[in-house]
Amino acid sequence: MRHPLSTPKWTLPEGTTLSRMTREALLRTIEANAAKLDGEWSDAVNRGTLDLLSADDAQRISEDVFTRFQEIEGRRFFAGCEIAARERPDLYVLRSEAQPLEERTDWPEGVVADGDNVFEHEDVTGRVLVVREVSEVDRLMREGVPEGTIGVIDDAGGTMTAPILEEFDAVLCLAGTVRSHLGIIAREFGVPVLMGVRLARPLEDGEEVTVAYSTEAQNVDAYYGEEAKPRAEVRITGGRSA
Amino acid sequence: MTDWRIDEEQLLLLNTHLQRTDDQLIFNMLTRTAQESKLFPIMPYLMMCFFDAYYRFPDLLRETTKHISPEEAGHRARNVTTNIQRVTSWGMINFYLNGRTCLIKAGLLRPEDNLEDLWFMVDYYHRFMRSYNRANGHVWNLDAQDIAPVHEERTLQVLEADAFRADERLRRAASRFIASGTQYSFLVHCESRVGLGNTGPYNMGDRRLMHVRDFTNLSECGFSWLDGVATDVTYNNLTLAVITDDVKIEVTDLGTAYTEPENYQDRIIGVGLYTSDIFEDRYVPVGMGSAAELADTLEQLTREFQEATRRLYARFSEMNFDQMVEAGIYTYFQAPSEIARMAGIYRHAEWEFVDERTRRFWPIHNEEYSLDAYVSHFGAMDGRLGGQSDYYLHPVSYGVWRRSPDGSPLPSSGRNASLVPAHVLRDHDYPRRVNPNGLADARGTSKLPAKTGGYTFASGRLSEDEMNAKARAFRSPLLEEPWCHVDEATVKYRWQEPEVDELYRYTQERSRLLQGRGASLRRDDIDRIRREAGEAPWREVDLTKEATA
């Protein structure tokens with residue numbers, strides 16, 4: 001049986017190496033399996049769908065793709081969630097650990113980061129606490145978040161820090177947009193937050209920073225081509241606490 | 001196998017609907033959401049939920065139509081808050097169509113395959129939405145400039161009249177309730193927003209608006225992971241009517257309310273709290289005896305959310321990767337399951353397993369490929385099978401380009417929607433349904449513990465059998481003649497007729513200020529009634545003057 005989707009008139013390139021490798025492998029496999037089947041596509045597409053692509057085929061494709069991906073990209077797959085990297089360190093590295101730093105020469109002296117402000121609030125000065133793991137959230141749930149803490153979170157979701165979010169004086173989120181879940185929830189709690197924060201260098205626990213939450217809130221349509229408003233700045237204002 | 005065929009009128013309508021679904025999906029994906037979580041494997045569960053939705057939604061929904069029409073489901077969803085609302089109904093069609101897109105782009109499906117299912121799903125969704133949105137006449141919020149005025153006057157008058165003026169304590173209690181409820185809902189729903197619904201805004205005159213915030217699946221319900229941890233959450237669904245002064249509000253097709261200014265809490269001037277579910281046809285007041293009682297109730301419910309958040313967080317922390325993917329799949333997959341509960345045919349076992357046809361994709365849909373594939377299908381619209389003719393401009397991508405700096409290159413000719421080719425009108429060599437033998441063709445497994453808890457309703461907690469029996473016995477005069485066919489277009493000219501007046505009185509039965517008032521009420525009457533009760537009419541609440549004073 002000839003595969004009916006194998007020669008589209010119009011095609012576009014795949015956006016990423018992984019997409020290209022995976023899609024090519026899928027199509028090659030499905031085309032090869034289709035060639036082994038008798039009858040019409042309309043009979044095979046549902047009843048024979050596991051013949052066109054079996055679980056074993058998918059397992060083999062995933063292993064082949066991973067091997068070639070490592071050869072080309074020189075790394076493991078990125079994972080967004082912590083448990084993926086914890087369970088399969090052979091397969092994943094956390095995307096947040098690979099976030100590039102900003103090489104900015106136009107930032108004023110003392111500014112080490114900037115981000116999109118979710119809502120206007122007075123500026124906040126506080127001590128940095130980087131929260132990246134579920135176990136850290138568990139600990140803070142038990143012990144409480146110290147007063148005057150500005151949480152640095154690399155997750156724009158609304159769940160990772162759910163039990164403790166309200167206890168932060170303010171938050172710097174290293175990902176997402178002003179419409180990400182963390183932005184929505186922090187706004188509802190009245191916890192000042194910058195989203196999509198870019199760092200010139202990693203922030204360290206205990207450093208004192210002052211964040212310009214008084215900056216105008218980012219235009220929610222900036223992601224739809226509208227003009228973006230200036231980003232709020234983060235300054236180092238003190239050394240690490242004892 | 002059926003010998004169903006599509007005619008040209010249906011085909012052209014279908015393709016128009018497919019493109020409109022594409023437009024709003026791409027717009028919302030570009031502007032409204034960022035798919036990531038450190039806690040949940042969002043992208044794998046999203047992508048694999050789409051496959052399950054494609055394989056099983058048509059037959060699961062087809063079964064419900066033997067008991068309840070899409071129009072009746074829409075009436076019930078409009079009258080009160082159930083778990084089939086804006087975002088879950090959005091999911092009902094989008095998850096199915098996204099699954100179709102994924103299978104086409106994987107090379108496992110032609111656009112014309114399973115055409116009867118495709119027509120059924122698109123037709124079902126539009127019939128449901130036209131009924132649900134009977135008052136406003138839109139299917140998509142995007143087409144209504146991002147507002148969602150779902151409720152009709154008879155309901156809104158009760159919400160307006162009975163809301164309590166927010167003093168500092170009530171305003172604070174409502175704000176913390178919204179924040180905690182939103183956060184808890186994200187956790188319950190594995191980082192997704194399918195438990196959060198909003199309707200409105202509704203015009204309250206001058207600068208004032210009312211919007212209605214719905215929180216669903218808060219207590220023991222169709223999600224097995226809430227068994228035990230959410231047992232002490234009193235209500236499964238809660239609805240907060242929020243009246244604001246000088247706040248601009250939009251409600252997207254994802255059911256989310258966005259405000260301008262973003263920190264609008266200080267501009268809340270009135271609040272009311274209700275519960276409801278599929279066994280109610282009118283909102284049931286919660287803590288609405290006085291403003292102080294309402295604040296007490298909101299504070300108590302907030303404590304319930306916070307405690308359940310901690311317990312649920314601990315439960316999720318103990319799950320492995322595969323279990324968390326499954327929980328996410330079920331969260332999305334159950335989007336239309338409320339209709340099966342309304343129909344009295346809900347079987348949890350049919351909604352919490354992963355189909356073997358989906359399970360095969362497990363190793364391929366790792367964290368990174370899932371994100372890449374999602375962006376490719378529903379953002380960039382690229383790839384070998386994503387191209388259109390060289391002349392094609394996608395309306396949303398082109399809209400972004402028009403707002404971009406001069407000199408930017410035009411977007412590529414990608415499209416999410418795979419329109420059904422016109423040759424199906426003469427060449428009928430395509431399968432009609434994905435499951436020729438119905439749900440018997442859907443087999444799978446689950447790695448989550450079996451559900452042991454009950455289902456929580458305003459009237460109490462029920463077992464699955466009790467719930468289905470009660471659903472089959474459910475009757476409401478709002479769903480029968482003559483009231484089911486009295487809408488605002490009827491009311492406009494027939495408000496003096498006894499049957500309309502009785503409809504309003506029925507809606508007002510649980511109202512603290514409008515009981516027995518009937519259909520003749522206008523805003524001036526509500527103002528007078530509030531004044532007589534010693535409560536300020538909303539038009540007399542002016543935060544600007546209060547701040548100055």
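Naming: A, B, ... by sequence-line order, numbering from 1 per chain.
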Heavy-atom contact with chain B under 4.5 Å, split by part of [X]:
| X | result |
| --- | --- |
| A:Ile184 | side chain |
| A:Ala162 | both |
| A:Glu87 | side chain |
| A:Phe66 | neither |
| A:Leu94 | side chain |
| A:Ile30 | side chain |
| A:Phe189 | both |
| A:Ala175 | both |
| A:Arg20 | neither |
| A:Ser54 | backbone |
| A:Glu82 | both |
| A:Pro13 | backbone |

side-chain hydrogen bond (donor to acceptor under 3.5 Å, both in side chains) evaluation trace for A:Thr17 with A:Glu73: CA-CA 8 Å; A:Thr17 303; A:Glu73 296 287 320; 3.1 Å; yes
B:Phe40: which of B:Phe316, B:Phe321, B:Tyr45 passes ring-ring contact (aromatic ring centres under 6.0 Å, His included):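 By the ring-ring contact (aromatic ring centres under 6.0 Å, His included) criterion, B:Phe40 pairs with just one of B:Phe316, B:Phe321, B:Tyr45: B:Phe316.
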Describe, in one word, how the ring planes of [X] and [Y] are oriented to each other, choosing from parallel (under 30°), tilted (30 to 60°) and perpendicular (over 60°).
| X | Y | result |
| --- | --- | --- |
| B:His365 | B:Tyr369 | tilted |
| A:His121 | A:Tyr213 | perpendicular |
| B:Phe177 | B:Phe215 | perpendicular |

Residue, of B:Asn366, B:Thr309, B:Asn435, that accumulates the most heavy atom pairs under 4.5 Å with chain A: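 Most pairs with chain A among the choices: B:Asn366.
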Largest heavy-atom contact set with chain A, pairs under 4.5 Å, which of B:Ala106, B:Ser408, B:Ser175: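 Counting heavy-atom pairs under 4.5 Å, the top option is B:Ala106.
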Any donor-acceptor pair under 3.5 Å from A:Asn117 side chain to A:Thr215 backbone: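 Indeed, once roles are kept as given, a pair shorter than 3.5 Å links the two residues.
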